[in-house]
Amino acid sequence: MAVTAEARLDARKLRADFPIFEQEIHGKPLAYLDSAASSQKPRRVLDAMTTFYETSYANIHRGVYDLGERATEAYEGAREKVRAFINADSTREVVFTRNVTAALNLVAYAWGLDNLGRGDVVLVTEMEHHSNFVPWQYIAGRTGAEFKVIPVDDQGELRLEELDRLAAEGRTKVVGATYVSNSLGTVNPIDQLTAWAHEQGAIMVVDAAQAVPHRPVDVQALGADFLGFTGHKMCGPTGIGVLWGRRELLGAMSPFELGGHMIRKVTVEETTWNELPHKFEAGTAPIAEAVGLGAAIDYVSEVGLEALEGYEHELLDYALPRLAELPGVRLFGPPAERRAGIVSFEVGGVHPHDVAQILDWEGVAVRAGHHCNQPLMRRLGVPATTRASFYLYTVPEEIDRLIDGLQKVRKTFA
Ligand SMILES: Cc1ncc(COP(=O)(O)O)c(C=O)c1O
């Protein structure tokens with residue numbers, strides 16, 4: 001099969017690292033095609049967290065005893081791994097958050113409340129996940145700024161020709177864009193959008209939740225101002241995400257959450273803030289989760305982000321024509337060359353939840369719903385889609401089983 005013959009990444013071998021694939025679902029091997037929602041975890045990540053809890057666990061940044069120092073080193077070591085992974089200039093620019101949603105809320109609140117007002121425009125794409133849509137819509141409303149969207153065309157790509165018209169309608173202060181669409185796999189031209197945002201005097205906020213786990217991302221080369229991603233989509237645990245931001249912007253921002261650790265000095269009269277990145281990390285940190293994320297970064301780095309991106313493309317080239325051949329199946333999204341390993345489709349006359357249910361009986365896990373993209377669904381004229389998404393452990397047989405399952409769906413509802 002072309003996919004495996006050409007692969008520089010051995011998905012079959014990697015798959016053995018993931019204990020979850022040792023089980024059967026409804027008596028069939030698990031075909032997990034929902035990695036855009038969350039990825040599975042290799043044993044190495046699970047072991048790193050267990051070992052940390054068993055040997056080095058204590059609260060961090062406070063204890064002067066050995067265990068506390070070791071735990072602090074593990075946590076700060078994970079921050080350095082993140083820094084190197086996205087090529088940030090300094091660990092001061094790397095803030096640990098609960099997930100990417102928390103990272104984007106941090107920027108919307110802490111930057112937005114102090115920097116937006118009447119006459120300003122907040123611009124996000126029509127394909128944003130609600131995480132980079134709703135916070136901006138809300139903060140725009142709170143500050144009197146206008147909230148607008150960069151429209152999407154029928155293929156699910158940004159209509160960049162609309163940018164100048166939008167710019168003429170007010171002072172654009174923020175541009176928010178997802179690097180890769182979680183519903184359609186569309187890869188957005190972030191460098192072009194960033195250059196345009198900066199010409200307007202706006203900041204560029206990138207939701208890289210579907211990019212950082214799947215392709216090399218270099219924040220310095222990208223040139224944006226803020227970028228967030230989430231650990232659980234890249235072989236890491238839940239409960240940890242990252243906000244990268246330019247040091248001068250983070251430094252000038254008010255804190256978002258207040259309490260322990262984020263302070264320098266507290267008196268009855270006033271409180272001053274800790275240095276970056278601690279100013280934005282109130283309360284006990286997700287310590288073991290950071291260790292897990294560090295192990296996940298080691299894992300995907302060893303696989304190689306370029307190999308991973310290339311492999312997912314091969315899977316896409318394998319899946320798209322087969323899906324397109326199926327009678328009654330309508331595919332959404334751009335051509336393979338401008339998309340990542342995500343395919344959304346509808347099966348004519350069958351609700352996506354029914355599609356997903358029948359596929360589940362075949363052991364095939366896909367997602368059905370609006371994928372936290374309600375404005376995009378409305379633009380596409382559907383309430384929901386069925387979505388299959390790939391990762392480094394996806395094998396072509398899983399795509400074959402998806403296709404077989406969809407044939408059963410057609411027969412069931414014929
Ligand atoms: C593009 C995008 N942004 C944001 C999110 C939200 O991620 P989390 O729930 O980890 O904050 C997701 C995940 O569903 C996503 O795909």
Side-chain angles (χ1 to χ4, degrees), residues 32-41 45 82 86 95-109 124-138 149-150 152 156-158 175-190 193 204-215 217 222 224 226-244 256-257 280 286 289-290 292-293 296 312 332-334 339-344 365-377 384-391:
Y32 185 73
L33 297 176
D34 197 21
S35 292
S38 203
S39 71
Q40 297 299 343
K41 321 300 171 199
V45 168
V82 172
I86 58 171
V95 178
F96 282 129
T97 60
R98 198 174 65 252
N99 47 35
V100 67
T101 303
L104 296 164
N105 271 273
L106 193 167
V107 183
Y109 273 87
V124 305
T125 81
E126 200 176 11
M127 69 171 84
E128 281 322 282
H129 188 283
H130 296 163
S131 300
N132 204 25
F133 192 103
V134 183
W136 289 113
Q137 187 180 44
Y138 177 74
V149 294
I150 306 170
V152 161
E157 295 187 272
L158 294 178
V175 179
T178 190
Y179 197 146
V180 173
S181 159
N182 59 298
S183 277
L184 305 177
T186 312
V187 180
N188 286 322
I190 294 297
L193 275 170
M204 182 74 209
V205 182
V206 180
D207 174 354
Q210 298 292 347
V212 167
H214 301 273
R215 53 177 47 228
V217 172
L222 212 53
F226 294 99
L227 179 142
F229 59 97
T230 204
H232 67 91
K233 293 189 202 284
M234 50 186 290
C235 296
T238 54
I240 188 146
V242 170
L243 173 69
W244 167 82
F256 174 41
E257 292 181 314
F280 294 110
E289 289 78 2
L293 177 61
E312 287 183 21
F332 300 98
R339 89 151 77 191
I342 295 175
V343 285
S344 253
V366 294
R367 184 136 296 231
H370 55 66
H371 317 297
C372 299
N373 275 141
Q374 286 182 3
L376 177 63
M377 294 295 125
T385 69
T386 307
R387 179 187 73 185
S389 51
F390 315 140
Y391 207 22

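Atoms within each ligand, like the ligands themselves, are counted from 1 in listed order.
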Visitor: Name the one of I342, L33, D34 that satisfies side chain to side chain contact (heavy atoms under 4.5 Å, CB included) with F390?
Guide: L33
Visitor: Can you see whether H130 engages Q374 through a side-chain donor-acceptor pair at a distance of less than 3.5 angstrom?
Guide: no
Visitor: Walk me through it: do F226 and V206 pass the test side chain to side chain contact (heavy atoms under 4.5 Å, CB included)?
Guide: CA-CA 6 Å; F226 294 99; V206 180; over 6 Å; no
Visitor: Side-chain atoms of residues 96-108: list all donor-acceptor pairs with protein atoms under 3.5 Å, sequence neighbours left out, distances to 0.1 Å.
Guide:
| from | atom 1 | to | atom 2 | distance (Å) |
| --- | --- | --- | --- | --- |
| T97 | OG1 | N99 | O | 2.9 |
| T97 | OG1 | G241 | O | 3.3 |
| N99 | OD1 | T101 | N | 3.2 |
| N99 | OD1 | A102 | N | 2.8 |
| T101 | OG1 | S131 | OG | 3.0 |
| N105 | ND2 | T101 | O | 2.9 |

Visitor: Take V95 and V242 through the test side chain to side chain contact (heavy atoms under 4.5 Å, CB included) and record every step on the way to the result.
Guide: CA-CA 6 Å; V95 178; V242 170; over 6 Å; no
Visitor: Polar pairs, ligand 1 vs protein, N/O only, below 3.5 Å.
Guide:
| from | atom 1 | to | atom 2 | distance (Å) |
| --- | --- | --- | --- | --- |
| ligand 1 | 3 (N) | D207 | OD1 | 3.3 |
| ligand 1 | 3 (N) | D207 | OD2 | 2.5 |
| ligand 1 | 10 (O) | T230 | OG1 | 2.7 |
| ligand 1 | 10 (O) | H232 | NE2 | 2.7 |
| ligand 1 | 11 (O) | V100 | N | 3.4 |
| ligand 1 | 11 (O) | T101 | N | 2.9 |
| ligand 1 | 11 (O) | T101 | OG1 | 2.5 |
| ligand 1 | 14 (O) | H129 | NE2 | 3.2 |
| ligand 1 | 14 (O) | K233 | NZ | 2.7 |
| ligand 1 | 16 (O) | Q210 | NE2 | 2.6 |

Visitor: Is there a donor-acceptor contact under 3.5 Å linking the side chains of T385 and H371?
Guide: yes
